Trainee: 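The following block contains the structure, expressed as C-alpha cells.
One-based numbering along the sequence shown. Values in this document were obtained by computation on a predicted structure and should not be read as measured data.
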Amino acid sequence: MKKYLIILATLLCLQTYAQYQPNWQSLDQRQTPAWFEDAKFGIFIHWGIYSVPAWATNSNADGFGSGYAEWYWQRLFAPNLKIHKEFVEFHEKNYGKSSYQDFVQQFRAELFKPDDWAKIFEQAGAKYVVLTSKHHEGFTLWPSPQSWNWNAVDVGPHRDLAGDLSKAVKAKNLHMGYYYSLYEWFNPVYKSDVNTYVNERMIPQMKDLVTRYQPDILWTDGEWDHPAKTWKSEEFLAWLYNDSPVKNSVVVNDRWGNDTKSKHGSFYTSEYGHGGTDNSPTNGFARPWEECRGIGESFGYNRNENLEVYQTGEQLVHQLVDIVARGGNFLLNIGPTADGRIPVIMQQRLKEMGDWLKVNGFAIYGTRKWDKAPAYTKESKLHFTQKGKNIYAIASKWQENITVENVEKPTKIKLLGFDGDIKFTYKNKVLTIMAPQVNPNTIPCQYAWTYELTDALK
C-alpha cells in the first residue's frame with residue numbers, strides 16, 4: 001500500500017510541476033501547437049456596430065488607421081485632429097444628432113447565413129477563422145452576461161452571431177478563433193477603475209468566450225493602454241493553458257500588454273507589413289508569426305473605398321507566398337455588411353486565392369521556411385518553402401530558366417498543376433530549371449507558378 005501511495009504522490013508532484021505558472025518565464029515554455037504553423041492562411045472578420053455607418057477616410061496619413069471604419073465611434077470624439085474632422089462632418093450630415101449607440105437598431109444581420117460564410121472560407125483555402133467577438137466599442141457578438149443590453153442577443157440581431165458562425169466553421173473542419181479587445185473606449189468602469197474592469201468584466205468575458213465556444217485561437221488587441229500586469233494576462237493565460245477546455249490546442253497572439261508584443265504569446269503579430277524594429281518579418285521572428293491586413297485599407301467594411309484601394313487576387317497571392325516563405329501565416333480580413341453579407345468583391349478575391357491554392361497548396365500548407373533561401377526583398381521574384389526533403393520554388397514572374405543554389409540533385413521536378421515533364425540541369429550544387437512550353441489551356445494558373453523539387457534536401 002505504501003508503495004502505491006508513493007507512486008501516487010510522485011504522479012501528483014509531476015502533474016503539479018507540469019502546470020504552467022502565472023509568469024512569462026513559465027508560460028513561454030509552452031510550445032505552439034503545430035496546427036497553427038501548418039495552417040498558413042486564415043480569415044479575419046471585423047463585424048460590429050461600426051458596420052452600420054461603414055465609413056472612414058481613405059487615407060492613413062495620421063499613421064494610425066484613420067482609414068479604419070471600425071474606429072468610427074472613437075473618431076467622432078477626436079475632432080481636434082484635423083484628419084478626423086471628416087468623421088464628425090460625415091456623421092452630422094447623414095445622421096444628425098443620433099448617437100453611435102443608435103446604430104445598433106440597424107445592425108440586424110438579417111441576411112447572415114453562417115453556413116454560406118463557412119463554405120466561402122473553405123473554398124478560399126483558409127484553414128482558420130478569427131471573428132471579432134468584441135471590438136474597442138465594447139459590443140459583443142455573443143450573449144455576454146457582463147455586457148448586458150450591449151450584445152447581439154439582447155439588442156440588434158437578437159442572435160448569437162459568434163456561436164452560429166463557430167458551429168458552421170467547425171462543421172467544415174476549420175479552426176475557429178476569436179478576436180477580443182482588452183480595453184473599451186468609453187466604458188465608464190474602465191475609465192475610472194481599470195482593476196474593477198479587469199476583474200469583473202474582462203477576465204470573466206474571456207473565460208466565458210473560451211468555455212462556451214472552445215476556440216483554437218484567442219486573438220487579443222487594445223493592449224497598449226497598460227502593461228500585462230494590469231491586464232492580469234499571466235494569470236489568465238495560466239488558466240487557459242492549464243484548466244481551460246482548449247488547453248492543448250489553443251494559440252494566442254502577443255498583444256497582452258504594452259510590454260509584450262514580439263516577446264510573449266504563441267505567435268507574434270505584424271499588421272500591414274509593420275513588424276517590430278528588431279523582430280520584423282524581414283529579419284525573422286523568434287517564434288511563429290502572423291501578418292494581418294484587409295483586402296482594402298480598412299478592417300471594418302468601408303463604403304468609401306473604391307476599386308483602386310482593393311488588392312487584386314494576384315497581389316494577395318504574392319503576399320501569401322512572401323509571408324509563408326519567410327515562415328509566417330497570412331490572416332486576411334473581410335468586413336461584412338451590417339445585414340450580414342460578405343461584399344461580392346471580397347468574395348471574388350477569396351475565390352481567386354482558393355483557386356490558386358487548389359493548384360499550389362502543397363507549397364503552402366504544412367511547409368516551413370527554407371533556411372538556405374536567399375534573403376528576400378520587395379523585388380524578389382522567386383520564393384522558397386520546404387516540406388520534408390522537398391523544396392518548393394515559387395516564381396511570381398514566368399521565367400524561361402530558374403536557378404536554385406545550395407540544393408541536392410532532385411530525383412524529380414514537377415510544375416504543380418502541369419501534366420508534363422520538366423527538364424533541368426545540375427552542376428556544382430547549382431540547379432537550373434527549364435520552364436516548359438505552355439499555352440492558355442495547359443498553364444496551371446495565371447500567376448505565381450510552383451516547382452516541386454523532390455528530395456532536394458538531405
Trainee: About how many Å separate CG of N439 and CD1 of I443, when rounded to the nearest 0.5 Å?
Mentor: 9.0 Å
Trainee: Output, in order, the C-alpha distance, side-chain angles, deciding distance and verdict of side chain to side chain donor-acceptor pair (under 3.5 Å) for T132 and H46.
Mentor: CA-CA 5 Å; T132 47; H46 275 65; 5.3 Å; no
Trainee: Side-chain donor-acceptor pairs under 3.5 Å in residues 392-400, sequence neighbours left out?
Mentor:
residue: Y392; atom: OH; partner: E452; partner atom: OE2; Å: 2.8
residue: S396; atom: OG; partner: K381; partner atom: O; Å: 3.3

Trainee: Does anything in residues 207-222 form a side-chain hydrogen bond (donor to acceptor under 3.5 Å, both in side chains)? List the pairs, not counting sequence neighbours.
Mentor: W142-D208, D160-Y213, H175-D216, Y179-D221, D208-R212, D216-S249, W219-E290, T220-N253, D221-R255
Trainee: Would you say T367's side chain and T385's backbone share a donor-acceptor pair under 3.5 angstrom?
Mentor: no
Trainee: Would you please indicate if the ring centroids of W256 and W24 are separated by under 6.0 Å?
Mentor: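 Centroid distance W256-W24: not below 6.0 Å, so no.
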Trainee: Not counting sequence neighbours, which residues clear side chain to side chain donor-acceptor pair (under 3.5 Å) with K351? List them please.
Mentor: D355
Trainee: Any side-chain to backbone donor/acceptor pair from R159 onto F112? Under 3.5 Å, distance only.
Mentor: yes
Trainee: So, does W73 use its side chain to make a donor-acceptor pair with the main chain of I49 at under 3.5 Å?
Mentor: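 Here the side-chain-to-backbone pair does not exist.
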Trainee: Can F36 and Y128 be said to form a ring pair (Phe, Tyr, Trp, His ring centres under 6.0 Å), step by step?
Mentor: CA-CA 9 Å; F36 180 77; Y128 61 100; 5.7 Å; yes
Trainee: Check whether any side-chain N or O of N302 sits under 3.5 Å from a backbone N or O of A56 as a donor-acceptor pair, and report yes or no.
Mentor: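 The answer is yes, because a donor-acceptor pair under 3.5 Å joins these two groups.
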Trainee: Return yes if some donor-acceptor pair links the side-chain N/O of K261 with the main-chain N/O of N258 below 3.5 Å, else return no.
Mentor: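 Not at all, since once roles are kept as given, no pair shorter than 3.5 Å links the two residues.
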Trainee: Any ion pair linking D322 and R326 (charged N to carboxylate O, less than 4.0 Å)?
Mentor: yes
Trainee: Is the count of non-hydrogen atoms from other residues, nucleotides or ligands lying under 6.0 Å from F362 atom CZ greater than 12?
Mentor: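 Incorrect, the count does not exceed 12.
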Trainee: Rounded to the nearest 0.5 Å, how far apart are OG of S298 and OH of Y72?
Mentor: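 If I round to the nearest 0.5 Å, the distance is 13.0 Å.
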Trainee: Verify the ring-centre separation between Y100 and H91: is it less than 6.0 angstrom?
Mentor: no
Trainee: For F121, does the six-membered ring have the charged nitrogen or CZ of K172 within the cation-pi criterion, i.e. under 6.0 angstrom from the centroid and within 45° of the normal?
Mentor: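 Here K172 fails the 6.0 Å and 45° test against F121.
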Trainee: Ignoring hydrogens and angles, state whether a donor on the side chain of Y50 or E137 is under 3.5 Å from an acceptor on the partner side chain.
Mentor: no
Trainee: So how far is it from I364 CD1 to L320 CG, rounded to the nearest 0.5 Å?
Mentor: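 Taking CD1 in I364 and CG in L320, the distance rounds to 4.5 Å.
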Trainee: Between E184 and K134, is there a side-chain N and carboxylate O pair less than 4.0 Å apart?
Mentor: yes
Trainee: Scan Y376, W370, W449, Y451 and name whichever one has a ring pair (Phe, Tyr, Trp, His ring centres under 6.0 Å) with H383.
Mentor: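 The passing option is Y376.
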Trainee: Looking at G273, is its backbone amide N or carbonyl O close enough to the side chain of R293 to form a donor-acceptor pair, meaning the two atoms are under 3.5 Å apart?
Mentor: no
Trainee: Working to the nearest 0.5 Å, report the span between CD of Q319 and CD of Q311.
Mentor: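 Between Q319 CD and Q311 CD, I get 5.0 Å after rounding to 0.5 Å.
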Trainee: Check whether any side-chain N or O of D254 sits under 3.5 Å from a backbone N or O of G265 as a donor-acceptor pair, and report yes or no.
Mentor: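 No; zero donor-acceptor contacts below 3.5 Å.
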Trainee: Check the pair M434 / T425 against side-chain contact (heavy atoms from CB on, under 4.5 Å), numbers first and verdict last.
Mentor: CA-CA 8 Å; M434 280 76 86; T425 62; 3.9 Å; yes
Trainee: Taking the six-membered ring for Trp, is the centroid-to-centroid distance between W224 and Y183 below 6.0 Å?
Mentor: yes
Trainee: Between R303 and P53, is there a donor-acceptor pair closer than 3.5 Å when you use the side chain of the first and the backbone of the second?
Mentor: yes
Trainee: Using the benzene-type ring in the case of Trp, are the ring centres of Y272 and F299 under 6.0 Å apart?
Mentor: yes
Trainee: Could you tell me whether the side chain of W47 and the main chain of T337 form a donor-acceptor pair under 3.5 Å?
Mentor: yes
Trainee: Look at D38 together with R368 and state whether they make a salt bridge at an N to O cut-off of under 4.0 Å.
Mentor: yes
